[in-house]
Protein chains: 4
Amino acid sequence: MSQEKSSVGRPKNEAASTALKEVALNLVMQKGYDAVSITEIVNGAGVSRQTLYNRWATKAELVLDAFFELANRRVEMPDLKSQTSRQTLLSDFLKQIFLHLEKDGDSLGSFVSAAQSDHDFREKFYTRFVAPRADIVRKLLKDAQSRGELAPDKNIELWTAFIHGAFWYRLINGQPIPQDLANEIAEEVFR
Amino acid sequence: MSQEKSSVGRPKNEAASTALKEVALNLVMQKGYDAVSITEIVNGAGVSRQTLYNRWATKAELVLDAFFELANRRVEMPDLKSQTSRQTLLSDFLKQIFLHLEKDGDSLGSFVSAAQSDHDFREKFYTRFVAPRADIVRKLLKDAQSRGELAPDKNIELWTAFIHGAFWYRLINGQPIPQDLANEIAEEVFR
Amino acid sequence: MSQEKSSVGRPKNEAASTALKEVALNLVMQKGYDAVSITEIVNGAGVSRQTLYNRWATKAELVLDAFFELANRRVEMPDLKSQTSRQTLLSDFLKQIFLHLEKDGDSLGSFVSAAQSDHDFREKFYTRFVAPRADIVRKLLKDAQSRGELAPDKNIELWTAFIHGAFWYRLINGQPIPQDLANEIAEEVFR
Amino acid sequence: MSQEKSSVGRPKNEAASTALKEVALNLVMQKGYDAVSITEIVNGAGVSRQTLYNRWATKAELVLDAFFELANRRVEMPDLKSQTSRQTLLSDFLKQIFLHLEKDGDSLGSFVSAAQSDHDFREKFYTRFVAPRADIVRKLLKDAQSRGELAPDKNIELWTAFIHGAFWYRLINGQPIPQDLANEIAEEVFR
DNA sequence: GTGTAAGCGAGACGGTACGTCGTGTCTTGGA
DNA sequence: TCCAAGACACGACGTACCGTCTCGCTTACAC
């Protein structure tokens, strides 16, 4: 990746990328994805229009990049080597997610929104945000099965969808996602 | 309140509303919500721009109205007096929903999209589309409990969210919703 | 004129006409002809849109009607039987015109404006406002000639144009029309 | 001050300005000022709507610019060094004006019209079109006085107004301006 | 140390859609 | 037959954003 530097001509100003991502993310969090214009972002970043287009093809790509950088710094894989019960691990993991959901709910709404009309965006959002989190749950459930904490014939795929569906469902419908929901879900999973 | 016809001034031409809804819905189903412009809709309906704005404040409201009219003609409450097992009733009900989801997936995506940026819209969408369907499932589960087909200590609210979350989750992530998923869900509920 | 009453159906409400003319004239004097809309006039008069169109075909006709009613009440034919010098008569007549010009300057501007784009309007404005005033001057000059106060070979038509041109020229260019101009003009005519 | 080229950013495309002016002027001459829409002009010029608004705030300013460019190429200052009688010079100058008036009468009407409702426009029209022509006449009259061809006590300002008023008066009233009027005016001035 | 190629700001450009306004006509029910 | 109320088709308005383009200037490496 560091290899592909053409080393000819003036190098890209990394500060511009940083400024763009920061401004874009802030604006989207404040006003929602659709309400933010490219013009607004580049003005806010003190950067020219073309500079943005030199780095990202669309607003969607820029904003996603910015968001992921933030979000992925915050996923904390549960420690499957610990002896804590898998129910507790699940509950704690969900609580951690719900905490961010509280803060980022509106931007996430924006992304869900953008994902519906822009299939590229949807793919990226799924691959880089949704799927990794689903994977963690999936692994946790399998681990629980192998440890005998979960019935061996539980449909893991379905339960992964149940768990994530439960809070996405509340999210897109604008309902609050209380910390307690994490406990309720974990309890029902391991019943 | 339902009588509030003002009867003063020229009455609104109902045919215009009908034409607008039909054209709008068709276009959205063909090209997606965002790709359809107001100009396109009014031209297609042979109606003036202002006439649309006299009836709906935004494209979202128009399309929503049009869609509900269609969708609500298609909800079929399961017959709780029948002796069919509640698991089968649930499975059949979900299958029926999934069938429409297949066809209307993109428009539904549009609505979810619009709902994220427009909270009025979200409220309407929830009240008129999401909630009624959730209610049916909730009633069905309670009925199953009272008939002893479902454990009496199952968390009905949570399971309602599980069930709907499962397919909404797939929907917003652009994944197919196979008919078989209905069986899988029903099975897991009544396990 | 009073003959042509059809006497079938509800008679026209004369108060509506009066209100329309009054409102129209006031609005035009305040904001200028172009800035006043039909909608504004009918709302101001508390009258329906159709009622206006039942009486006048265009805004121009209504406004002209209203203006003429006012203006023609104010023309005062100089008394050609008096022994006052014709120069004084002319000067006094012009002074009287200039006085109204001061007040009505902007609406007159509006009419000149409307007259340029609407040839019907131009014709009516000329026939009912400009020409009568020109006629008076023409008659006065001829009378002065017959009394020997004016050179018999003066080109009356041209001088009529000179005299009116002089202040219309100032009017359309937005220059003030001082009372003293009346004296200057009269002096130069009878030099 | 004439050097104030900013030289930053993409420079304005001069061809677009030229095309806009040409199309605008042609359309106005064909159909009259009011009948020409901005949409029509930009389409005709193959230029985007915003490009027009980047250069002129209103249709009036554009058309005025276009017209001046044409008109000012056509003013021909009479040669005050020639020995031709000043009466002939005046008559010839007026004839030259009347010739253009014939062709441009309707556009000029449009400008007079616009000038009445828009005081900025009025100022520009006066400064750039009316006043220069009046100045020429004023100078010519003064020269005639200094050469003894005109009575030294003639009120030059008033006569300048007489002369221009005479044909403007006919113009705004939609009356023809025959070439012979130039002779009549000159004759009366130098009588 | 100079040439050359890319980066960059500023901002113009062709497009497309927007929501609003004004026009003159039409359509009701009631006077 | 008139009227108030207001819907309607039409067409223009000025604004907003998009993604691309065209300048003059500024890097920074490669010769």
Side-chain angles (χ1 to χ4, degrees), chain A residues 5-13 15-16 34 36-40 42-43 46-55 57-59, chain B residues 5-17 34 36-43 45-55 57-59, chain C residues 5-13 15-16 34-43 45-55 57-59, chain D residues 5-17 34-43 45-55 57-59:
Chain A
K5 269 201 78 191
S6 61
S7 102
V8 178
R10 176 174 174 176
K12 284 189 183 172
N13 176 4
D34 282 348
V36 178
S37 74
I38 299 255
T39 306
E40 215 174 348
V42 297
N43 286 351
V47 144
S48 89
R49 210 175 175 65
Q50 190 56 53
T51 298
L52 189 156
Y53 282 106
N54 282 345
R55 292 161 162 78
T58 61
K59 183 175 57 160
Chain B
K5 262 214 82 203
S6 61
S7 106
V8 66
R10 175 174 174 175
K12 287 192 180 169
N13 178 2
E14 220 34 67
S17 296
D34 280 351
V36 177
S37 73
I38 299 252
T39 305
E40 216 174 347
I41 296 173
V42 298
N43 286 351
V47 143
S48 91
R49 205 174 180 67
Q50 189 55 53
T51 296
L52 188 157
Y53 283 107
N54 281 346
R55 292 163 161 75
T58 61
K59 185 174 56 159
Chain C
K5 269 198 75 185
S6 59
S7 102
V8 177
R10 176 172 171 176
K12 282 188 182 172
N13 176 4
D34 281 348
V36 177
S37 76
I38 299 255
T39 305
E40 215 175 348
I41 296 173
V42 298
N43 286 351
V47 145
S48 89
R49 208 173 175 67
Q50 189 56 53
T51 299
L52 188 157
Y53 282 106
N54 282 346
R55 293 163 161 77
T58 61
K59 181 174 62 161
Chain D
K5 261 214 85 201
S6 61
S7 106
V8 66
R10 176 173 175 176
K12 287 192 180 171
N13 177 3
E14 220 33 68
S17 296
D34 281 351
V36 177
S37 74
I38 299 251
T39 305
E40 215 174 348
I41 296 173
V42 298
N43 286 352
V47 143
S48 91
R49 205 174 181 66
Q50 189 56 52
T51 296
L52 188 156
Y53 283 108
N54 280 345
R55 293 164 160 76
T58 60
K59 184 174 59 161

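Because the structure is predicted, anything quoted here is derived from the model rather than measured. Here is the naming used below: chain letters follow the sequence lines, and residue numbers restart at 1 for every chain.
For B:Asn54 and E:dG19, the CG to P distance is 14 Å, given to the nearest whole Å. We find that CD1 of C:Ile41 is positioned 12 Å from P of E:dG22, with the value rounded to whole Å. Atom CD1 of A:Ile38 and atom P of E:dG11 are 18 Å apart (whole Å). Between the CG atom of D:Asn13 and the P atom of F:dC21 there is a distance of 15 Å, given to the nearest Å. Computed from coordinates, the B:Leu52 CG to E:dG19 C1' distance equals 11 Å when rounded to whole Å. A straight line from CG of D:Asp34 to C1' of E:dT23 spans 14 Å, rounded to a whole angstrom. We find that OH of D:Tyr53 is positioned 15 Å from P of E:dG14, with the value rounded to whole Å.
Across all their heavy atoms, D:Ala16 and D:Val47 have their closest contact at CB-CG2, 3.8 Å. When all heavy atoms of D:Val36 and D:Lys59 are compared, the pair lying nearest together is O-NZ, 2.8 Å. Scanning both residues, A:Lys12 and A:Asn54, for their nearest heavy atoms gives NZ-O, 3.3 Å.
Heavy-atom nearest nucleotides on DNA chain E were determined for B:Ala57 and for D:Lys12, and the one closer to the 5' end corresponds to D:Lys12. Residues D:Thr58 and B:Ala16 each lie close to DNA chain F; by heavy-atom proximity, the contact nearer the 5' end of the strand is made by B:Ala16. Comparing D:Lys59 and A:Thr39 by the nucleotide of DNA chain F whose heavy atom lies nearest to each, the residue mapping closer to the 5' end is D:Lys59. If D:Glu14 and C:Glu40 are placed on DNA chain E by their nearest nucleotide, the residue sitting closer to the 5' end is D:Glu14.
Put simply, CD1 on B:Ile38 and CG on B:Asn43 are 11.5 Å apart, with the number rounded to the nearest 0.5 Å. Taking CG of C:Asn13 as the start and CZ of C:Arg55 as the end, the distance is 6.5 Å to the nearest 0.5 Å.
Base pairing in DNA chain F gives the following stems of 3 or more Watson-Crick or G-U pairs, range against range and under 3.5 Å: E:1-31 with F:1-31.
Within the 4.0 Å cut-off from OP1 or OP2 of E:dG9, at least one side-chain nitrogen or oxygen of A:Ser48 is found. Contact check, C:Ser37 against E:dC21: no side-chain N or O comes under 4.0 Å of OP1 or OP2. Dashed line: the shortest gap from a side-chain N or O of A:Thr51 to OP1 or OP2 of E:dG9 is under 4.0 Å.
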In 5'-to-3' order, the base (B), backbone-only (S) or no-contact (-) status of each nucleotide in nucleotides 22-28 of chain F, using a 4.0 angstrom heavy-atom cut-off, is BSS-BBS

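Qualifying side-chain hydrogen bond (donor to acceptor under 3.5 Å, both in side chains) partners for B:Ser37, counting only residues two or more places apart in sequence or in other chains: none.
Between the side chain of D:Arg49 and the base of E:dG15 there is no donor-acceptor pair of N/O atoms closer than 3.5 Å.
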Before giving the answer on side-chain contact (heavy atoms from CB on, under 4.5 Å), spell out for B:Val42 and B:Thr51 the whole-Å C-alpha distance, their side-chain angles and the decisive distance to 0.1 Å. CA-CA 8 Å; B:Val42 298; B:Thr51 296; over 6 Å; no

